[in-house]
Amino acid sequence: MPSNVLILACTLQYLSGVVGTTMDDDSSFIARHLKQTGGLLLGGAQKQVKDYKGKFESLKGVYDEFMSKLLISYDSATFDPKFVDKFFGKRNLKFAGIDGTVLKYDIFDLLIFFAGAYPAFGSIKIEENGESEISYDEKYLEHGVGVSSVLPIYISEVPQIDQTLLVRSENGEVDHSISYSDSWVIDNSAFADFMMGLSEFYLGYQLVHSEDPVDILLFDRVFSSEVASFYAETSDFRLNLDKECGLIGYKIDGRPLTKTEWIYARRLFGNLKMGTPSARGEFLLPRIIVELMNAEGNSFTREELIEKMGLDNEFRQARLDKELKKGIKGTGDAEGLFVRKKDHFVLKPQYRGLKKRMQTLIEDVCGRLFSTDPEVGYEDRFKINGRWLTTSDLAFLSLVSLYMTVEKCWKDRILLVGVAKDTSARDLKRQVLPVLNFVGRFNGGFTDKREDTPDTDRMILQWISLHEREKLKVPWASVEYDTAFKTIVPHLERTPGLVSGARRNQISLDRTFLKSYFQLCQASSDPKLRSNVLLYDRLMYPDFDGHPAQTVNLKHDYENRPDYPEPVDVVFYEGQENQVQSFILPLFKAMTSMSIPELFGHLKPLFVADKIAKYHFTQIQGMVESTGNWLINRPDLREFLFYLSSFRERRSSHEQSRRTS
């Protein structure tokens, strides 16, 4: 029985006893009220159990009908030494797992933000027969590797740095008439979470750019989701870059960071060997710029761009002309990036080294923000020219750090994988299968009578794994599919063969990250007891992914022109050999453990990194609480602090003292 259904069943049993035995006395208002509340809770729990049973019943037979084509067992799989040699160029591989921690703590009218990220290292040796020997670095706390920072700030100043607290209109305008209570700011501030995200991605950047880089880098994050989130947070359409971003004007090698650089640095993400960014939709202008950055003399003619990007009809070529005009004249806060010289479009000199400038920005700003030098104060870390770094700045730095890490992984063939422990994702059910069925690439899905199935992919797959355990041996994984599927739906007007974007008709980056669900182990004492279904998304690699047989060619009705759809190439590995996944699953199997309950079905590098992060959290939390106690007990501050603290804080303090006395 899946975990949440089991919890409901146990709750149901408990509530039955409570409602039936301890609430028989109707003599008082409190007893009647509690009995009524308990009855409502019991009825709700019973309904949930009944609903779940019905939903799971609808899954019977789906494995044999179509899910068997999507789930692959790696029960007897070993490593392929030839793949290891081709991908890594060596057999002894160094790996690292990264996890972060975050602390938000208020002391009177101060709010203290702390965040950090820490790695756990190990190595795996692949033998000629496909067996492996894995080892872990046991001196986790002695290496001194990791990044962290702390910011104490007045609560009244938090809305200046935390853009997530601001209420915006549809066009991004901030409503300054709204005021915030201190408790609301404390509860809802996300600044520390943005700090933690940046610390993890900056640490990953360091590990792949070090003199002794890792060969395999594991994150406790889903890259495709992080890119989408940071991309939205840094959009110039929702931000006033002059007022809300402290990085604008920061001097990189003596030249200020401009709004134009901000706007385009977040969009120039791709690999021309894989044809990304795709020459479609909102990515057409970034693709033009990437082509010019990599061209000899940084210039191309219109005809050369058409050939390079495969613009095969008049509609797409007309769109190219529009984007070329934008690239020359600029748009919004961005100035033009290239000029026209006769028949050639030439990239302006100041933008030819944009990626190098972004790398310098990351190393300068993040190097200071996470500096281990005690002489670097918090204002030097979090302010630039007297202006606070905001959550938008942290999102931008995180996005660029991830981009730089990805480019290094492409260049040096470093395996980059993100793993999510708990997920409510439902794109396999809601996007992938409906789209593939609609375009005729796959047959089978959760439609008609099976529409009322469990809502999340994880619950569906855990039920299938449990009931088909004789056929589906652990470890197993679903076939990898392009994360762009998460933003694709069947054509909104149901035109056969066409697709639409799920939101505002936009389809996200394709052929960049691949996603898969997996399950690693089962208990030796009871085959019904299997580990949780997790998911990973990983980076695609030009020489191994995206071949024609692995690709589905979709047709996107982008501007309500179904007669001239734009091509969207997405990867779907059903029925195809997948060398990278065939390496990942044995790797994950080698990294899990049956002897540690918390590690059952999870990965030890991430497990250890989490323990290191929690150790640092505990130490920092103790320091912060001690600081608060020190302030409270200062005789010279007693009168001042009495009026500084709120009524709720004083009442809570008295109640705590009464309970412990």
Side-chain angles (χ1 to χ4, degrees), residues 100-117 147-167 174 176 178-199 244 246 365-366 368-395 397 613-614 616-657:
T101 188
V102 63
L103 173 67
K104 182 172 58 175
Y105 195 93
D106 61 299
I107 302 177
F108 304 113
D109 62 345
L110 279 179
L111 190 55
I112 297 174
F113 297 118
F114 168 82
V147 296
S148 64
S149 196
V150 62
L151 171 64
I153 186 172
Y154 289 113
I155 295 174
S156 60
E157 291 184 312
V158 172
Q160 298 178 35
I161 65 172
D162 193 338
Q163 307 293 320
T164 65
L165 298 176
L166 303 179
V167 178
V174 177
H176 294 287
I178 298 176
S179 59
Y180 312 95
S181 66
D182 286 356
S183 60
W184 189 89
V185 170
I186 293 168
D187 291 341
N188 292 280
S189 174
F191 190 83
D193 299 292
F194 278 78
M195 283 175 60
M196 181 175 69
L198 176 57
S199 68
E244 300 175 28
V365 177
C366 294
R368 186 171 63 250
L369 198 156
F370 298 112
S371 173
T372 57
D373 184 354
E375 299 299 319
V376 181
Y378 75 89
E379 289 210 355
D380 294 326
R381 295 170 186 261
F382 290 93
K383 282 188 175 182
I384 293 176
N385 299 326
R387 297 174 60 189
W388 286 110
L389 290 174
T390 67
T391 49
S392 301
D393 294 308
L394 300 185
L397 293 169
K614 286 178 178 175
H616 283 87
F617 171 87
T618 303
Q619 299 302 307
I620 297 298
Q621 184 182 40
M623 292 169 58
V624 172
E625 291 176 349
S626 297
T627 301
N629 292 332
W630 178 78
L631 288 171
I632 291 173
N633 291 290
R634 285 283 300 272
D636 55 327
L637 296 178
R638 186 168 299 164
E639 182 177 321
F640 171 73
L641 294 177
F642 179 82
Y643 291 105
L644 188 62
S645 60
S646 68
F647 171 79
R648 291 180 184 274
E649 289 171 332
R650 290 199 298 273
R651 182 180 66 183
S652 177
S653 177
H654 291 313
E655 290 173 343
Q656 178 68 20
S657 299

- [ ] Quick one: closest heavy-atom pair of Val147 and Ser199, and the distance?
- [x]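 Distance-wise, the nearest heavy atoms are CG2-O, 3.3 Å.
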
TODO: Evaluate the criterion side-chain contact (heavy atoms from CB on, under 4.5 Å) for residue pair Ile186 and Leu111; output intermediate values, then yes/no.
DONE: CA-CA 7 Å; Ile186 293 168; Leu111 190 55; 4.2 Å; yes

Which distance, rounded to the nearest 0.5 Å, do you find between the [atom1] of [X] and the [atom2] of [Y]?
{"X": "Asp106", "Y": "Ile112", "atom1": "CG", "atom2": "CD1", "answer": "9.0 Å"}
{"X": "Asp187", "Y": "Asp182", "atom1": "CG", "atom2": "CG", "answer": "10.5 Å"}
{"X": "Leu394", "Y": "Cys366", "atom1": "CG", "atom2": "SG", "answer": "8.5 Å"}
{"X": "Ser189", "Y": "Ile161", "atom1": "OG", "atom2": "CD1", "answer": "6.5 Å"}
{"X": "Asp193", "Y": "Met195", "atom1": "CG", "atom2": "CE", "answer": "10.0 Å"}

With [X] via side chain to side chain contact (heavy atoms under 4.5 Å, CB included) - residues at least two apart:
{"X": "Ala613", "answer": "Thr101, Tyr118"}
{"X": "Lys614", "answer": "Asp610"}
{"X": "Gln621", "answer": "Leu103, Phe617, Glu625"}

TODO: Begin with the C-alpha distance, continue with both residues' side-chain angles, and end with the deciding distance and a verdict on side-chain contact (heavy atoms from CB on, under 4.5 Å) for Val365 and Leu397.
DONE: CA-CA 9 Å; Val365 177; Leu397 293 169; 3.8 Å; yes

Within-4.5 Å side-chain heavy-atom neighbours: [X] and [Y]:
{"X": "Phe113", "Y": "Phe382", "result": "no"}
{"X": "Gln163", "Y": "Thr390", "result": "yes"}
{"X": "Trp184", "Y": "Leu165", "result": "yes"}

Task: Residues which pass side chain to side chain donor-acceptor pair (under 3.5 Å) with Ser156, listed by chain and number, not counting sequence neighbours - done: none

Open item on the list: So, using ring pair (Phe, Tyr, Trp, His ring centres under 6.0 Å) as the criterion, who are the partners of Phe114 when residues are at least two apart?
Closed with: none

- [ ] Using the side chain to side chain contact (heavy atoms under 4.5 Å, CB included) rule, pick out the option among Asp393, Ile153, Val158 that qualifies with Trp388.
- [x]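 Per the side chain to side chain contact (heavy atoms under 4.5 Å, CB included) rule, the option paired with Trp388 is Ile153, out of Asp393, Ile153, Val158.
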
- [ ] Go through the steps to decide whether Arg381 and Ser149 satisfy the test side-chain contact (heavy atoms from CB on, under 4.5 Å), and finish with yes or no.
- [x] CA-CA 9 Å; Arg381 295 170 186 261; Ser149 196; 3.8 Å; yes

Task: Flag, side chain of Asp162 to backbone of Ala190, donor-acceptor distance under 3.5 Å - done: yes

Can I get a per-line list of side-chain donor-acceptor pairs under 3.5 Å for residues 368-377, giving both atom names and the distance, sequence neighbours left out?
residue: Arg368; atom: NE; partner: Asp380; partner atom: O; Å: 2.7
residue: Ser371; atom: OG; partner: Asp373; partner atom: N; Å: 3.0
residue: Asp373; atom: OD1; partner: Glu375; partner atom: N; Å: 2.9

